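Reviewing the structure listed below.
Every value quoted in this text rests on a predicted model; they were computed, and no experiment measured them.
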Amino acid sequence: MRDILNDLEAAEKADAPDPMVSAQQSMAANLPKRFYKEAFVAAVHDAHGVMLDGKPVLTPARKALAVPTEALAAILAAEWEAQEERIDPRVMPMTRLVNTALDGVSQDIGAVVEDVLRFAANDLLYYRAPGPAQLIDRQRAQWDPVLDHFEQAMGVRFELTEGVMHISQSDQTLDALRGRVAHIQEPIEAAALHTITTLTGSALIGLAVHEQLIDGQAAWSKAHLDEDWNIEQWGEDDEAQLRRAVRWLDMKSACDALEALRH
């Protein structure tokens, strides 16, 4: 951090047009150089790992970067192969997700499940706009099918409200949701569901992707329905769109991870 601040100060003294550029260049310069010629998938015990010139990639906690399916390992290997002069974790969302799953989630999957359930208790889909009519209709069209699916599947009824005042769900509903996610014991699967849930603000959207009711792009659109409505009315904010694009990379990787775990 001190190095970045020094670079910013130097840029300001030199009347640099954009000191953030200097900071970004400094960060890029500190990234490790690519030290390998080839990244590929290979068997690691009973799993599929990523090899760099024949040597296994390790997580930050020094575990083998190994996953249950070859399809998922291939995505990881492609991220490593795509690195150019330097290795940039910011453009390796699947590697970050799997590292988190292997080093962190695997130690306490229950805590991850509980966090998903906290979102389910206060889900985005429960809170509806009081107006205008077009937005209300759009929310009903995009959100109600997800709610209807889980109501029928679990035999419960979700309580909805207008505005942002908290609304409680019944114990029966919360217990049913708990049963829906408590069986998830694969760390990468749990990490992917948690990522989708936190990025969308909706455990129900996350579960809909997990259970193949909707795909990742549909989930992303549902989660940003209100934001997209405002963009239609008032126009886009460039910085907000950039942040959204960065978040989408993590969303897509989580969805891709779930899909790859099935193959």
Item checked: Criterion side chain to side chain contact (heavy atoms under 4.5 Å, CB included) on Gln217 and Trp248, from CA distance to verdict -> CA-CA 9 Å; Gln217 188 61 65; Trp248 166 247; 3.7 Å; yes
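- For the pairing with Leu177, the side-chain contact (heavy atoms from CB on, under 4.5 Å) check across Asp175, Thr173, Val181 returns one residue only, Thr173.
- Salt-bridge annotation for Arg244 and Asp228: present, with a side-chain N of the basic residue lying under 4.0 Å from a carboxylate O of the acidic one.
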Margin query: One pair to check against side chain to side chain donor-acceptor pair (under 3.5 Å): Gln139 and Asp226. What are the steps and the verdict?
Written below: CA-CA 8 Å; Gln139 288 178 338; Asp226 291 354; 2.9 Å; yes
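- Residue Glu85 qualifies as open at atom CD: its count of foreign heavy atoms under 6.0 Å is 12 or below.
- Leu213 is not listed as a side-chain neighbour of Leu207, based on a closest heavy-atom distance of 4.5 Å or more.
- Contact of the Leu204 side chain with the Trp143 side chain is not registered, since no non-hydrogen atoms from C-beta on lie closer than 4.5 Å.
- For Lys252 and Asp256, the salt-bridge test passes: some basic side-chain N is under 4.0 Å from an acidic carboxylate O.
- Arg96 and Glu79 are not joined by a salt bridge, as no carboxylate oxygen comes within less than 4.0 angstrom of a charged side-chain nitrogen.
- Taking 4.5 Å as the limit, every side-chain heavy atom of Ser202 sits out of range of all side-chain heavy atoms of Thr197.
- Expressed to the nearest 0.5 Å, how far CD of Glu259 lies from CD of Gln212 amounts to 6.0 Å.
- Side chains of Asp103 and Lys63 form a contact here, defined as non-hydrogen atoms less than 4.5 Å apart.
- Side-chain atoms of Leu31 and Ile87, non-hydrogen and from C-beta on, never get closer than 4.5 Å to each other.
- Between the side chains of Asp123 and Gln169, no donor-acceptor pair is found at a separation under 3.5 Å.
- Partner of Leu125 under the side-chain contact (heavy atoms from CB on, under 4.5 Å) criterion, out of Leu160, Ile205, Leu225: Ile205 alone.
- The shortest heavy-atom contact between Leu199 and Met251 is CD1-N, 3.5 Å.
- Between His194 and Phe119, the ring planes are perpendicular. Angles over 60° get that label, and only those under 30° would be called parallel.
- Residue His263 places its NE2 atom among more than 12 non-hydrogen atoms of other residues, nucleotides or ligands, all under 6.0 Å distant.
- With hydrophobic clusters built from ILVMFWY side chains whose heavy atoms lie under 4.5 angstrom apart, Leu258 shares a cluster with Trp220.
- By the criterion of side-chain heavy atoms lying less than 4.5 angstrom apart, applied directly or through intervening Ile, Leu, Val, Met, Phe, Trp or Tyr residues, Leu193 is grouped together with Leu117 in one hydrophobic cluster.
- For the pair Arg247 and Asp250, the salt-bridge criterion is not met [side-chain N within less than 4.0 Å of a carboxylate O].
- Residues Phe35 and Met92 share a hydrophobic cluster, clusters being chains of Ile/Leu/Val/Met/Phe/Trp/Tyr side chains in contact below 4.5 Å.
- Side chains of Glu189 and His210: a donor on one and an acceptor on the other come within 3.5 Å.
- Hydrophobic clustering (ILVMFWY, side-chain heavy atoms < 4.5 Å, transitive): Val105 and Val67 are in distinct clusters.
- By the 4.5 Å heavy-atom criterion applied to side chains, Asp238 and Gln241 are not counted as neighbours.
- The CZ atom of Phe150 lies 9.0 Å from the CG atom of Leu147; values are rounded to the nearest 0.5 Å.
- Between atom CD of residue Gln142 and atom NE2 of residue His224 there is a gap of 13.5 Å, rounded to the nearest 0.5 Å.
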Next item on the list: For Glu186 and Leu261, run side chain to side chain contact (heavy atoms under 4.5 Å, CB included): C-alpha distance rounded to whole Å, both residues' side-chain angles, the deciding distance at 0.1 Å, then the answer.
Entry: CA-CA 10 Å; Glu186 207 294 316; Leu261 285 171; 4.0 Å; yes
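- The backbone N or O of Gly131 lies less than 3.5 Å from no partner atom in the side chain of Arg128, so there is not a single donor-acceptor pair.
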Checklist line | Chi angles and distances behind the side chain to side chain contact (heavy atoms under 4.5 Å, CB included) call for Ile196, Cys255 | finding: CA-CA 8 Å; Ile196 296 168; Cys255 295; 3.8 Å; yes
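- When each of Val50, Thr95, Val98 is tested with Val57 by the rule side-chain contact (heavy atoms from CB on, under 4.5 Å), just one qualifies, namely Val50.
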Margin query: Applying side chain to side chain contact (heavy atoms under 4.5 Å, CB included) to Glu211 and His149, what does each step give before you reach the verdict?
Written below: CA-CA 11 Å; Glu211 299 182 14; His149 170 79; 4.0 Å; yes
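- Taking CD of Glu70 as the start and CD1 of Ile75 as the end, the distance is 11.5 Å to the nearest 0.5 Å.
- In this structure, Tyr36 and Met51 have side chains that are not in contact, with every pair of non-hydrogen atoms separated by 4.5 Å or more.
- Hydrophobic clustering (side-chain heavy atoms under 4.5 Å, transitive across Ile, Leu, Val, Met, Phe, Trp, Tyr) groups Leu65 together with Leu97.
- Between Leu52 atom CG and Leu58 atom CG the span is 9.5 Å, to the nearest 0.5 Å.
- Using a 4.0 Å cut-off between a side-chain N of Lys or Arg and a carboxylate O of Asp or Glu, Glu84 and Arg34 do not qualify as a salt bridge.
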Note to self: Assess the residue pair Thr59 and Asn99 against the criterion (side chain to side chain donor-acceptor pair (under 3.5 Å)); give the C-alpha distance rounded to whole Å, side-chain angles, the decisive distance to 0.1 Å, and a yes or no.
What the structure shows: CA-CA 6 Å; Thr59 70; Asn99 281 342; 5.0 Å; no
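- The CG atom of Asn122 sits 10.0 Å away from atom CD1 of Ile167, with the distance rounded to the nearest 0.5 Å.
- The shortest distance between side-chain heavy atoms of Phe40 and Asp53 does not fall below 4.5 Å.
- Of the listed residues (Met94, Arg262, His48), just one forms a side-chain contact (heavy atoms from CB on, under 4.5 Å) with Leu72, and that residue is Met94.
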